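Not measured: the values here are computed from a predicted model.
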Amino acid sequence: MDDDVVQRVLQEGGRDYYQQQPSTSSSSPSILQSLPLHVSFDHGYYLLVKSIQELRSKKDGLVTVGIGGPSGSGKTSLAEKVASVLGCIVVSMENYRTGVDDGNDMDLIDFDLLVNNLEDLISGRDTFIPVFDFQGRRRVGTKTIKSSSSGVVVVDGAYALQAKLRSLLDIRVAVVGGVHFSLLSKVQYDIGESCPLDSLIDSIFPLFRKHIEPDLHHAQIRINNSFVSSFREPIYKLKCKSEQIEGEHASHVFHGKEAQVDNFIEMYLRPPSANEEARINDWIKVRQSGIRYYLSLGDQRIVDKNFIIRPKAEFEVGRMTLGGLLTLGYNVVVSYKRASTSVFEGNFSLSLETIDTLGETYLVLRGINRKMVGAEASRMGVNGPWITKSYLEMVLERKGVPRLNTPPLSNAPNAVLASNQERLFTAPKPLRVSSNSANRLEDLSQPWTRSPTKSKMEPVLATWQFVSPDPALAHGFVIDPTSSRDAMQLAPMPDSYDLDRGLLLSVQAIQALLENKGLPVIVGIGGPSGSGKTSLARKMANIVGCEVVSLECYYKSEHVKDFKYDDFSSLDLGLLSKNISDIRNCRRTKVPIFDLETGARSGFKELEVSEECGVVIFEGVYALHPDIRKSLDLWTAVVGGVHSHLLSRVQRDKSRVGCFMSQNEIMTTVFPMFQQYIEPHLVHAHLKIRNDFDPVLSPESSLFVLKSNKQVAYQDILRILDPTKICSSVQNFIDIYLRLPGIPANGQLTESDSIRVRICEGRFALLIREPIREGNYIIQPKVDFDISISTVAGLLNLGYQAVAYIEASAYIYQDGKILIEVDHLQDVPSPYIQIKGINKEVVAAAGSTLKLDGSYTTKSYLQLVLERLPALRGSSSGIHSQQAARLQELVEYIQSQGSSSSSESSPGREISPLDGVVEDMQSRIKRLERWQMINTVLWTFFMSAFVGYSLYQRKRQ
């Protein structure tokens with residue numbers, strides 16, 4: 001996707017540039033050219049990985065990378081994600097501290113030692129890097145880094161782009177935004193517009209404009225990180241008093257486990273414009289751990305039943321930042337000590353926490369999975385009573401809300417602490433710099449390094465209002481929530497929001513509906529295909545603990561047979577209305593189960609609203625259609641995601657062949673039903689969400705894949721999977737590759753120049769891939785999404801041509817941790833095995849167990865098929881002569897059906913002669929599936945009998 005950009009990412013100013021001037025020969029284009037690339041975090045991650053790989057392949061020796069930026073911008077997160085893919089060494093500049101004062105003070109960084117360490121690694125020598133203990137506030141030793149352990153070293157720190165280091169760096173990356181910008185927006189909102197932005201920066205981040213910002217302009221990749229905090233992967237917490245643990249369980253809580261002991265000081269800062277009320281959502285929380293300070297904005301949490309649900313919203317700041325906040329008028333109103341003793345097991349932790357101000361000890365269970373946390377509590381015999389209040393709320397209940405200009409709440413023995421805090425928070429004088437110093441390198445009217453991404457601060461907790469659905473009664477006024485349930489509905493939010501903010505607002509809306517209207521609450525999530533509806537619905541269900549029903553369950557068989565998924569008439573509206581009515585009246589109902597493989601309804605599942613599950617979410621393209629949304633309580637619209645990615649991809653392809661088209665023109669052709677039948681319904685949503693998340697480039701949605709054509713016995717595959725969780729399936733699919741004629745190529749058909757469409761289990765799916773190939777691994781995103789036949793026809797109408805055809809069958813085995821797929825490609829003699837998973841180590845271990853080491857390939861199936869074609873045809877097409885005729889018939893069928901689906905479908909539609917072609921293909925696929933399923937069952941029976949007989953013989957012996 002970004003090959004042309006990667007070719008220009010870095011050249012001037014790299015390490016080799018300081019040693020010799022780059023060649024100007026056009027025959028050897030370099031990938032390193034200094035350009036002001038302003039990209040998102042996901043796109044920047046992708047460009048950085050591709051640039052490192054390109055540079056590593058074109059030069060000998062070590063590749064060095066520097067990632068710099070202000071505190072809280074996301075530097076460390078980027079470095080860790082790159083390291084997880086490339087396996088590189090990450091050197092944190094925080095370990096090079098020489099003192100215990102503010103970590104952003106450049107005089108306290110041992111640059112000479114860091115330079116020596118980098119020079120050793122570049123020269124191929126082993127080196128010793130320091131290790132700093134932040135609790136003990138001192139350097140405690142060194143760690144050996146071997147020069148041969150990795151071909152890439154990443155330096156992570158606020159001063160990673162400093163002049164002393166730049167001559168040693170091949171690639172320089174600047175990261176701005178994140179909670180750094182968010183804190184500036186928050187403070188600007190609290191104190192008003194009277195204080196210029198530069199003055200705020202000098203007060204809160206006094207070293208930034210003088211020592212950090214000028215170096216960021218030397219970066220070749222510039223990332224604006226819009227991420228602040230997210231409930232995509234929240235922390236679920238259960239809390240109760242420690243005496244609730246039963247005696248027999250209490251002695252075993254920490255027995256035989258290594259406990260981690262932490263001591264924190266937690267402080268809350270009240271804004272200068274605050275009144276006497278305890279508006280804790282406007283306060284800033286600061287947590288001190290040793291010499292490190294962590295800051296979070298507001299009380300960002302959700303309480304659902306017994307669970308406290310929090311996002312990952314803390315970021316590290318320097319002590320000078322706290323001094324600057326106090327200088328601007330913020331007051332420390334509450335302060336207490338929290339002593340914690342914790343044990344960890346995977347993604348679950350158990351802690352005993354003592355709060356000095358309360359004089360109590362609490363048991364806290366934390367984890368990333370709600371059900372797992374609840375199951376652990378039951379296993380321990382802890383049944384509550386659970387506490388859902390924060391420690392701050394409990395302190396305020398006991399001590400009362402401090403009046404303005406009063407000392408912070410704390411125990412008498414902590415008076416010394418309060419005086420020490422006053423000494424620690426002595427505000428430094430703002431460091432002023434000349435107005436043009438920051439812009440010496442570039443003439444920027446609004447510097448990208450310090451412009452908050454939001455003009456005003458959005459409150460953490462939104463207030464949902466209720467209005468009457470009858471305009472004659474409402475007259476634009478908010479009504480009393482205690483009115484009749486049917487006489488009130490949510491007032492739409494005036495703005496649109498990103499996915500993270502929208503997820504939080506959706507959950508808050510559900511809570512408001514439960515509180516004011518009671519059970520049940522029925523939610524509808526609508527939007528175009530690939531926008532992120534299903535992902536949002538599942539994340540909401542994980543937080544709230546409810547059921548999700550897809551409108552795909554209500555398909556009619558005859559419409560699925562014609563691939564008309566985006567036609568409203570394809571839904572069984574009568575059954576859907578009955579199910580919603582039953583749920584509304586708290587009656588048990590039967591929701592259909594639709595089998596897309598057979599194109600028919602395969603059964604029903606019972607659904608009942610209860611106190612434990614009082615929310616039901618319906619998601620689908622037409623979830624906000626007037627005939628459906630009138631029965632729903634919350635209307636949520638989602639746009640963007642892969643849907644927008646496809647539009648951008650087509651627009652880019654058209655521009656590469658010299659034809660500019662607006663996204664609106666492309667939308668009309670590729671998604672003809674959207675603008676006419678879907679988009680008009682989305683404007684009425686209570687909540688509008690822009691899914692800016694790029695699932696194609698983001699490291700958050702990637703799978704690690706190992707591929708080999710080495711023969712593996714089925715019993716060996718079954719042996720490495722969990723027998724209690726294993727499930728298997730068989731799929732037959734056809735992949736066609738669409739390419740726009742005229743796209744520049746190197747004489748060979750590549751996957752990156754094509755759009756892959758898969759026909760599988762009676763549906764079309766668009767497979768968008770921008771994989772990263774590193775060593776033996778293929779790191780690919782999970783972004784396949786279903787499309788209508790009219791979308792494929794639209795691509796063909798825009799000039800795309802079918803240039804490759806692959807037919808295959810796949811045996812799939814999975815146990816929840818890894819997925820093993822055995823693919824049999826037509827006209828390829830031996831099958832290929834793929835091991836997929838989100839955990840790189842687990843995937844590697846599975847491959848080693850199957851003895852696949854040394855046999856891996858990172859080639860795509862398109863490459864493998866092209867290699868088997870005759871040399872004369874390999875460069876122009878990926879089709880055997882015997883497949884060309886069948887593909888042409890399939891393309892003609894798609895075009896005919898796509899054009900007819902844009903008009904109103906008729907039950908008496910005349911059968912096209914090409915229908916027989918597709919029906920013949922489908923019947924062949926189904927015969928293969930039946931044969932393979934019988935084969936799988938017989939093989940499983942045989943293996944079970946063999947294992948049972950072996951166990952019997954062993955028992956006899």
Can you see whether [X] engages [Y] through a side-chain donor-acceptor pair at a distance of less than 3.5 angstrom?
{"X": "D110", "Y": "T98", "answer": "no"}
{"X": "S92", "Y": "D156", "answer": "no"}
{"X": "Q260", "Y": "D262", "answer": "yes"}
{"X": "Q288", "Y": "Y294", "answer": "no"}

Salt-bridge contact [X]-[Y] (side-chain N to carboxylate O under 4.0 Å):
{"X": "D215", "Y": "R166", "value": "yes"}
{"X": "D133", "Y": "R139", "value": "no"}
{"X": "E774", "Y": "K50", "value": "no"}
{"X": "E54", "Y": "R773", "value": "no"}
{"X": "K337", "Y": "E266", "value": "no"}
{"X": "K210", "Y": "D202", "value": "no"}

Side chain to side chain, [X] and [Y], heavy atoms closer than 4.5 Å:
{"X": "L328", "Y": "I204", "result": "yes"}
{"X": "Y330", "Y": "D190", "result": "yes"}
{"X": "T64", "Y": "I171", "result": "no"}
{"X": "Y45", "Y": "I772", "result": "yes"}
{"X": "R310", "Y": "S390", "result": "yes"}
{"X": "L322", "Y": "L326", "result": "no"}
{"X": "I223", "Y": "V173", "result": "yes"}
{"X": "V334", "Y": "M267", "result": "no"}

Expected output: side-chain [X] to main-chain [Y] donor-acceptor under 3.5 Å:
{"X": "S289", "Y": "R292", "result": "no"}
{"X": "Q220", "Y": "R172", "result": "yes"}
{"X": "K285", "Y": "L295", "result": "no"}
{"X": "R209", "Y": "P214", "result": "no"}

* At what distance, to the nearest 0.5 angstrom, does CZ of R125 lie from CG of N117? -> 10.5 Å
* **Atom pair CG (L62) and CG (D120), whose distance is rounded to the nearest 0.5 Å** => 11.5 Å
* **V155 vs M93, side-chain contact (heavy atoms from CB on, under 4.5 Å): CA-CA, chis, key distance, verdict** => CA-CA 7 Å; V155 180; M93 293 187 68; 3.8 Å; yes
* To do: Report the residues that fulfil ring pair (Phe, Tyr, Trp, His ring centres under 6.0 Å) with Y96, sequence neighbours left out, ordered by chain and then residue number.
  => none
* Are there more than 12 heavy atoms of other residues, nucleotides or ligands under 6.0 Å from atom CZ of F344? -> yes
* How far apart are the C-alpha atoms of K164 and D112, what are their side-chain angles, what is the distance that settles it, and do they pass the salt bridge (charged side-chain N to carboxylate O under 4.0 Å, His left out) test? -> CA-CA 9 Å; K164 297 178 181 179; D112 293 336; 5.4 Å; no
* Worked check of side-chain contact (heavy atoms from CB on, under 4.5 Å) between L168 and V115 -> CA-CA 8 Å; L168 300 173; V115 169; 3.8 Å; yes
* Under the side chain to side chain contact (heavy atoms under 4.5 Å, CB included) rule, collect the residues that match up with K840, sequence neighbours excluded. => F704, Y777
* **Partners passing side chain to side chain contact (heavy atoms under 4.5 Å, CB included) against N347 (at least two apart in sequence or in another chain)** => I368
* Taking V154 as the fixed residue, which of V63, V91, V65 is the one that meets the side chain to side chain contact (heavy atoms under 4.5 Å, CB included) rule? -> V65
* Structure fact -> In terms of heavy-atom contacts, G177 and N224 come closest through CA-OD1, 4.2 Å
* Determine, step by step, whether T321 and Y293 satisfy the side-chain contact (heavy atoms from CB on, under 4.5 Å) criterion, reporting the C-alpha distance in whole Å, the side-chain angles of both residues, the deciding distance to 0.1 Å, and the verdict. => CA-CA 9 Å; T321 297; Y293 295 84; over 6 Å; no
* To do: Could you check I265 against R287 for side-chain contact (heavy atoms from CB on, under 4.5 Å), going step by step and ending with a plain yes or no?
  => CA-CA 6 Å; I265 298 175; R287 179 170 61 89; over 6 Å; no
* Asked: For E353 and R366, what are the C-alpha separation, side-chain angles and deciding distance, and is it a salt bridge (charged side-chain N to carboxylate O under 4.0 Å, His left out)?
  -> CA-CA 12 Å; E353 300 182 346; R366 294 182 179 90; 2.8 Å; yes
